[in-house]
Protein chains: 2
Amino acid sequence: MDDGGAGGEPGTFAHDVLAVVLRITEAVPSVLLWQRAREPHLGRWALPGGRLGADEDVEASVRRHLAEKVDLAEVAHVEQLGVFSDPHRGPPPRRVATAFLGLVPTDADPAVPDDTAWHRVDRLPATAFDHGAITRDGLDRLRAKLSYTNIGFALAPDAFTVSELRDLYAAALGHRVSATNLQRVLTRRGVLVPTGATAAPGPAGGRPAAVFRFSEHVLRVTDPFAALRPPGDTG
Amino acid sequence: MDDGGAGGEPGTFAHDVLAVVLRITEAVPSVLLWQRAREPHLGRWALPGGRLGADEDVEASVRRHLAEKVDLAEVAHVEQLGVFSDPHRGPPPRRVATAFLGLVPTDADPAVPDDTAWHRVDRLPATAFDHGAITRDGLDRLRAKLSYTNIGFALAPDAFTVSELRDLYAAALGHRVSATNLQRVLTRRGVLVPTGATAAPGPAGGRPAAVFRFSEHVLRVTDPFAALRPPGDTG
DNA sequence: CCACGTTTTCGACCAGGAGGCGAAAACCAG
DNA sequence: CTGGTTTTCGCCTCCTGGTCGAAAACGTGG
């Protein structure tokens, strides 16, 4: 079996880390992209990332590279998506990439370099390599986790009303969400707690909304999944 | 930042693929391990795998390496677990590994090389590198997916009774499972279908059990997860 | 200051999913 | 035919989540 490949010893490959950084803007998810200034794929938009360093694991590496594009303090959550290793996912030399999902709250608007911008996921520009597909993977992961974890904390401000949170969830999921149900589900799971404060009504009046916050700001799988629990464990 | 590292160009690393191959034996999960005959970690037990090749993606690679240890036709399911990249996960030179989960049905008993054997996960021998932790990750993944996917097809024989399937699930999950509930849940989801046949009673007599099979032999997430469905989608 | 529109909140209702239990069914052995 | 054994099935209950509508709590305009 040919182990050669351009540049490098047999069985070794350039390893990149990439981040799908998502944020809800204008009632729709957006992803952080930067425009390539060199070949290959000059002018196309790519995910933030870079080479894995010698003394870091992939998560440390993606945080280091991300810090060059945004203030890391604004990124509320990071998790691994998976490995993308198709030999033809880009022009030679071959590259293997570990992709991550990153989330930024709506109230944060981190400064970004000139070559970098947020792009609505429903109107992606021409993307480099397989970064379009990786972005879709990241969005799918976010949508799945919204319903069985407390991952909303990474999209929402510290304090918010139920209506605001509903709009956030609706934007991320891509369909309408009932405020009644959202509040009940999240409260019953203990991920949503009232602060006691109330928000001022809008210009048209209306009852003042209660202000909530997430009880935890680290990811927690609230549902030990549905079926086949141990006996005596009544949900 | 030092990009050197032993042997290799800056930013390139040896990339391995590894497989946590699980199979239910004697009412407990076992993992396929082989005993290292060379340093480092001579004599310790390691997961099957090897170097990523130049013309294959990681999944093709893990299947190729796995074929050296077991008949691939016996492996009913393969999926990616994630990347393990701690710089100190093993002695230098540094290696990055993509781990997979593989499942073998109980009725298959593939021939394995002399250096290879099944080991109960509750009595693991001294493992090489971080392979013990990776094995635990694989088992966790299996347990989670048993409750919200049809992944049982990869552990069970083609045909089986509900009692046999209950024992299989109980072994994999590590706790008792109700046959009544198991049959109801899986049937309602449409993953379990009766063949019409019945199995002969055991030596002590008893009502003959109906024989079932899985309706599909590819992974399917049966539960579009619990909460926050689109309106009108009544579960 | 009172009627009206607006927004939020809360309770009630309903369906579906899942765990628990016991009776009935279907077999074997003596 | 009686007793032991195993499987199967129906019934009950709890919990979760979707839906709806009434009530609460505001502004505004007459």
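What's counted below: heavy atoms across the whole structure, side chains too, no hydrogens, waters or symmetry copies. Being a predicted model, the structure only gives us computed values, none of them experimental.
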In whole angstrom, what separates B:E164's CD from D:dT6's P? 14 Å
Please figure out whether A:T161 or B:V185 has its closest DNA chain C nucleotide nearer the 5' end. A:T161
Which pairs count as salt bridge (Lys or Arg N to Asp or Glu O under 4.0 Å) when at least one residue sits in residues 140-151 of chain A, sequence neighbours excluded? A:E79-A:R141, A:E79-A:K145
I'd like to check the salt bridge (charged side-chain N to carboxylate O under 4.0 Å, His left out) partners of B:R89; sequence neighbours left out, ordered by chain and number. B:D130
For B:D109, which residues count as a salt bridge (charged side-chain N to carboxylate O under 4.0 Å, His left out) partner, sequence neighbours excluded? B:R23
Rounded to the nearest Å, what distance is computed from the CD atom of residue B:Q183 to the P atom of nucleotide C:dG17? 16 Å
For D:dC15 and A:R189 - does any side-chain N or O of the residue sit under 4.0 Å from the phosphate oxygens OP1/OP2? no
In whole angstroms, the gap separating C1' of D:dT8 from CG of B:L165 amounts to 15 Å
Which residue lies toward the 5' end of DNA chain D, A:T180 or B:V162, if each is placed at its nearest nucleotide? B:V162
Which pairs count as salt bridge (Lys or Arg N to Asp or Glu O under 4.0 Å) when at least one residue sits in residues 173-194 of chain A, sequence neighbours excluded? none
Can any side-chain N or O of A:S147 pair as donor or acceptor with the backbone N or O of A:A144 at less than 3.5 Å? yes
Just grab all the salt bridge (Lys or Arg N to Asp or Glu O under 4.0 Å) pairs involving residues 210-221 of chain A, residues at least two apart or on different chains. A:E216-A:R220
Determine: side-chain N/O of A:R188 to OP1/OP2 of D:dC15, distance under 4.0 Å, yes or no. no
Looking at D:dT7, I'd like to know if its phosphate oxygens (OP1 or OP2) sit under 4.0 Å from a side-chain N or O belonging to B:S163. yes
For the base of C:dG20, is there a side-chain donor-acceptor partner from B:R184 under 3.5 Å away? yes
Atom pairs under 3.5 Å: protein N/O with N/O of nucleotides 28-30 of chain C:
none

Using atom NE2 of A:H175 as one end and atom C1' of D:dG17 as the other, report the distance to the nearest whole Å. 13 Å
Quickly work out the A:L182 CG to D:dT16 P distance and round it to whole Å. 16 Å
With the threshold set at under 4.0 Å for non-hydrogen atoms, list the residues of residues 207-216 of chain A touching DNA chain C in residue-number order. A:R207, A:P208, A:A209, A:A210
So, for B:F214 and B:F160, is the gap between ring centers shorter than 6.0 Å? yes
All salt bridge (charged side-chain N to carboxylate O under 4.0 Å, His left out) counterparts of B:E74, not counting sequence neighbours: none
Applying salt bridge (Lys or Arg N to Asp or Glu O under 4.0 Å) as the test, list every pair that has at least one member in residues 111-121 of chain B; sequence neighbours left out. B:E26-B:R120, B:K69-B:D115, B:R120-B:D122
Rounded to whole Å, how long is the line connecting atom OH of B:Y169 with atom C1' of C:dA18? 15 Å
May I have the distance from A:F160 (atom CZ) to C:dT8 (atom P), rounded to whole angstrom? 14 Å
Find the distance A:R176:CZ to D:dT19:C1' and express it as a whole number of Å. 12 Å
